Amino acid sequence: MFFKNYKIWETEFAGRKFTLETGKMAGLANAAFLASYGETQVLCTVTASAKPREGIDFFPLSVDYEEKMYSVGRIPGSFLRREGRASEKAILTSRCIDRPIRPLFPKDLRNDCSVVATVMSVDPDCSPEITAAVGVSAAIAVSDIPWDGPISSVNVGLVDGEIVLNPTLEQRAKTDLTLTVASTADLVAMIEAGGNEIEDDLMFDAIMAGHEENKKMVRFIQGIVDEIGKPKFSYESSNPDPEIMAEIEEFCIEDVKKALDTDDKLVRDEALLPIYAAVHEKFNERFEGCEEKLDEILYLVQKHVVRAWLKDEHKRVDGRGIDEIRPLNAEIDLLARAHGSGMFTRGQTQVLSVTTLGPMSDCQLLDGLDEQTEKRYIHHYNFPSFSVGETRPSRGPGRREIGHGALAEKALVPVLPSVDEFPYCIRVVSEVLSSNGSTSQGSICGSTLSLMAAGVPIKAPVAGISCGLITGDEGVYGDFMTMVDIQGLEDFYGDMDFKVAGTKKGITAIQMDLKVHGLTPEIIKEAFAKTNKARNYILDEIMLPVISEPRKELSKYAPKMLTLTIDPDKIGDVIGKGGKVIQEIQAEFDCKIDIEEDGRVFISGIDVEKCKGALEVVNLIATDPEVGAFYNGVVTRIMNFGAFVEIAPGKEGLVHISRLDVKRTEKVEDVVNVGDSIIVKCIEIDDQGRINLSRRDALIELEGMTPENDIDDGPRKPRRDGGRSDRRPRRQ
C-alpha cells in the first residue's frame, strides 16, 4: 500500500459513528488526523517550531478553524469567489478550541505552535465544530509537542425537557439550550453556553452529562496515543532562575505589596513604576544577559502577592470582602439622538451600550456552513486603547472583542421579542469606556438598560457577573477558594473567569476561561451559587430602580414600523417590474418597505402617518378589487368613450363616459383630465378580469348628489379599447 503508516480508528460518539484517520494526509505536520463524524470531515493538523521564539514572555499558540464553502457544496459569495477573512462563527469556534487546550501546554514553553482545523465536508446533523475540537485534541496528543491532554468536546441540548448530546439539525432547531463542554479525563476544562433561562441545577446536570460523554472519547483518544503516540520533545524552559527570582522577590516584595494595596488601577500602576526602575537599576548589571527576565520576575512577584492574599488571608487588593461586589451605577438616556442608551459602571469598569432599531432589511446576511442565513439581533463590543490608559491605533475588532460581543448577544437573544411582536432589526454596540475587569458582563447589564430605554419589549432584564478562582499548590484537587466580581488583577493572576449571565428565572449565557487544567463539580456548583446571588442583587438593587420595564413608546428618532401580511402570489404586483412599483411607493411616502417570501410586509419610516399611507397602498395592490367598494383613483388615460382610472399601482378600471357625472356628459374632457384624482365605485369585474368603475355612483352615494337623467348607453356599447388593443394588460 502507498500509505504505509495509514491507520483508522472507530468509536461511537453520542450514538453516532466517529472515526480518526492518520497517515494519508498532511504527512509533514507534527501530527494530523482526518476526523469524521457522520459525513462531516475535518482535517486537523498541529505543527511546532524547532526552536523557541526569542524575546517573548508568553506561549505563541495560534488556533484556526477554517471554513471551506466546498464542504457544503457552495461557491463563496464574495467578489473574488474564494474564502476570505474568517467568519465570526469561525473565530468563535477557534476560541472554543483554543480555550481548553491552551492551559494543558507547559507554561514555560516558547516554541511557536500552530493548530489548524480545515472543514472539508459538512453533515448538518454532525457538528463540524465538535468534530474539529476532538480531531485537534487527538492530533496534539499523538504529536511530539509537550501537552497534558487529551481532551474532548461535546454539544449538549435541551429538547422537550430532555438532555440531548450532540443534537441533530432538527433537534437544534427546537432546543432550549446550546451548550459546549470540553473535558479532560477528570475535569471540566471549558463551558460555553446559551440558554432560554435555564435553572442552575438543570444547567449543572447538562454540564455533567456532557462531561461523562467526553470521558469516553478521552479514553478512545488515549488508546490511540498508547498505540502511535510520539515521544514529546524536550525544550529549554523559559522560567527565571530560582536564585535570581528569590533575591529579587526579597528585595521588592514589601514595596510591591504596598503598591498593590489600592482599589484604584491608576494609582497602582503609578506606584509600580519606581519599583520596576529600582529592580532594573540594582540587578541589570549583576545579572547581565537576564535583563529581559526582570519584568517577568516582577510579574511573578505580583502574582504571588495577589494569590497569597486571596488564598491565605481572604484579602482582595481593593479591600472588598470575598463575595462583595464593587460599587455599581446604572444610567440611561445619555445620548440625545440614539434610539436607546444605557451605561453600567462597576468600580473602574464602565461600558456604554447604544441601541439602534432598523427595518428588517438591515438584518445581517450570513454566508457560512450552517443553515442560518441572517441575523436579526447584532451585538458589537469595542475595546479602545484609552479604556486601559494605553496608546495604540485602532485596527478593528480582534478575537477577544468578537468573543465578548458574541457572549453578550447570546445572553440577550433569549429575552428578545419575536419578529411578529417587534418587527425590527436590532443592533447594540457596547463601548468600553474604562476597563478594570468584567467588561463583558458590564456590556450585558448596559445593553439591557439600553434595550429597555429604546422601547424594545424584552421578556425580562438580564444581568451578568463573573466568579474567580484561586487553587492551592496541589491544583484543583487541593484547597480552592472562589470570589465574586473579579477585577483586572484577579483575572490576570487568578485561575478562572467564570462568566454567567441571566434573568431572575435562569441562565441565558455562560463563558468560562481557565488557566488550570479544569474544574471539579464542587467548584462549578459554588460558582453557580455565587453568581446567582450576585446577579439577582444587580437586577433588584441597581438596574430595575433605574428602569423597571421597557418603555411603551419608541424614540421620536427611531423608525416606526407597520406590518401586514399579503398573499405571496401578490408579492410580484407590489414589487412591480424591475422594482418600479415598490420604489415609487417608497419615494412617495418617504419610507422603507421590506417583503418576506411568506408574504409578511414591513413598512418603516420616521413619520407614522406616511407609513400608514404606504400600508394602505400596498394593501390595495395586494387585495383584489371588490364590487361595491369605493376607491380614490387617478386618471391615467382618456378615450372618447371614457377614462381609465388607476385605483392602485398596476390596477386600472374604466369609467364609461355615461358614468362620469350625475348629468349627461358630451365629452370626457369636460369632466376629467389626465392626472385628476377622483372617487370611483367598482360596479363590475367581468369574466376577463376587467374592472368597470363609476364616478356617477360614487357622487350619488357618498356626496348625496341627485342625478339629472338616467343612464343611457345607447343601443350598442362601443369596445372599451375604442377598436384598438392598446389597453394595458391586467397584472397577474
Side-chain angles (χ1 to χ4, degrees), residues 566-567 569-570 572-585 587-589 613-614 616-732:
I566 64 174
D567 185 342
D569 292 337
K570 300 292 185 181
D573 293 349
V574 177
I575 295 174
K577 186 176 181 180
K580 180 181 178 182
V581 173
I582 196 169
Q583 290 172 9
E584 289 177 348
I585 299 172
E588 180 181 354
F589 294 98
E616 184 178 344
V617 172
V618 170
N619 195 41
L620 278 173
I621 299 172
T623 305
D624 290 328
E626 297 181 13
V627 174
F630 295 91
Y631 298 94
N632 187 6
V634 177
V635 178
T636 57
R637 289 182 295 158
I638 289 178
M639 300 295 178
N640 59 359
F641 55 84
F644 285 98
V645 177
E646 186 177 60
I647 58 175
K651 291 187 178 181
E652 275 187 346
L654 173 66
V655 181
H656 190 269
I657 190 171
S658 62
R659 297 186 179 276
L660 274 174
D661 205 348
V662 293
K663 60 184 178 180
R664 184 177 181 84
T665 302
E666 298 294 338
K667 189 178 179 182
V668 174
E669 289 86 342
D670 293 339
V671 180
V672 295
N673 291 296
V674 172
D676 287 351
S677 177
I678 61 174
I679 300 294
V680 294
K681 178 182 179 180
C682 179
I683 59 174
E684 180 189 16
I685 302 176
D686 66 20
D687 54 5
Q688 296 182 47
R690 296 182 300 185
I691 306 168
N692 290 312
L693 306 170
S694 172
R695 178 173 179 267
R696 181 178 187 274
D697 288 23
L699 293 174
I700 293 171
E701 295 184 41
L702 296 181
E703 299 186 18
M705 298 182 67
T706 303
E708 296 184 3
N709 59 288
D710 294 330
I711 294 175
D712 181 10
D713 292 341
R716 178 176 174 271
K717 290 185 180 180
R719 285 180 55 179
R720 294 179 59 172
D721 57 7
R724 297 182 297 121
S725 298
D726 60 353
R727 182 169 184 246
R728 286 189 289 176
R730 179 174 153 74
R731 266 182 204 283
Q732 298 299 317

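We use all heavy atoms of the structure for the numbers below, so side chains are in, but hydrogens, waters and symmetry mates are not. If you're wondering where the values come from, they're calculated on a predicted model, not measured in any experiment.
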Could you check whether any side-chain heavy atom of [X] comes within less than 4.5 Å of a side-chain heavy atom of [Y], counting everything from C-beta outward?
X: Val671; Y: Arg695; result: yes
X: Asn673; Y: Val635; result: no
X: Met639; Y: Val668; result: no
X: Arg696; Y: Val655; result: no
X: Ile638; Y: Glu669; result: yes

Sequence neighbours excluded, which residues qualify as side-chain contact (heavy atoms from CB on, under 4.5 Å) partners of Ile585?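 If we apply the side-chain contact (heavy atoms from CB on, under 4.5 Å) test to Ile585, skipping adjacent residues, the hits are Val581, Phe589, Ile593, Ala614, Val617, Val618, Ile621.
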
For Glu584, all residues meeting side-chain contact (heavy atoms from CB on, under 4.5 Å), sequence neighbours excluded: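 With sequence neighbours excluded, Glu584 shows a side-chain contact (heavy atoms from CB on, under 4.5 Å) to Lys580, given in chain and number order.
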
Quick check against the 3.5 Å criterion: does Asp573 have a side-chain atom that pairs as donor or acceptor with the backbone of Lys570?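 A pair under 3.5 Å: no.
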
If you compare all heavy atoms of Cys682 against all heavy atoms of Tyr631, which two are closest, and at what distance to 0.1 Å?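 For Cys682 and Tyr631, the tightest heavy-atom pair comes out as CB-CE1, 4.0 Å.
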
side-chain hydrogen bond (donor to acceptor under 3.5 Å, both in side chains) against Asn632, all qualifying residues, sequence neighbours excluded: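 Result, side-chain hydrogen bond (donor to acceptor under 3.5 Å, both in side chains) vs Asn632: Ser677.
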
Check side-chain hydrogen bond (donor to acceptor under 3.5 Å, both in side chains) between Asn619 and all other residues, then give those that pass, not counting sequence neighbours.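 If we apply the side-chain hydrogen bond (donor to acceptor under 3.5 Å, both in side chains) test to Asn619, skipping adjacent residues, the hits are Thr623.
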
Which residues pass the salt bridge (charged side-chain N to carboxylate O under 4.0 Å, His left out) test with Glu666, not counting sequence neighbours?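 Residues passing salt bridge (charged side-chain N to carboxylate O under 4.0 Å, His left out) with Glu666: Arg664.
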
With sequence neighbours excluded, tell me which residues meet salt bridge (charged side-chain N to carboxylate O under 4.0 Å, His left out) with Glu701.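 With sequence neighbours excluded, Glu701 shows a salt bridge (charged side-chain N to carboxylate O under 4.0 Å, His left out) to Lys681, given in chain and number order.
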
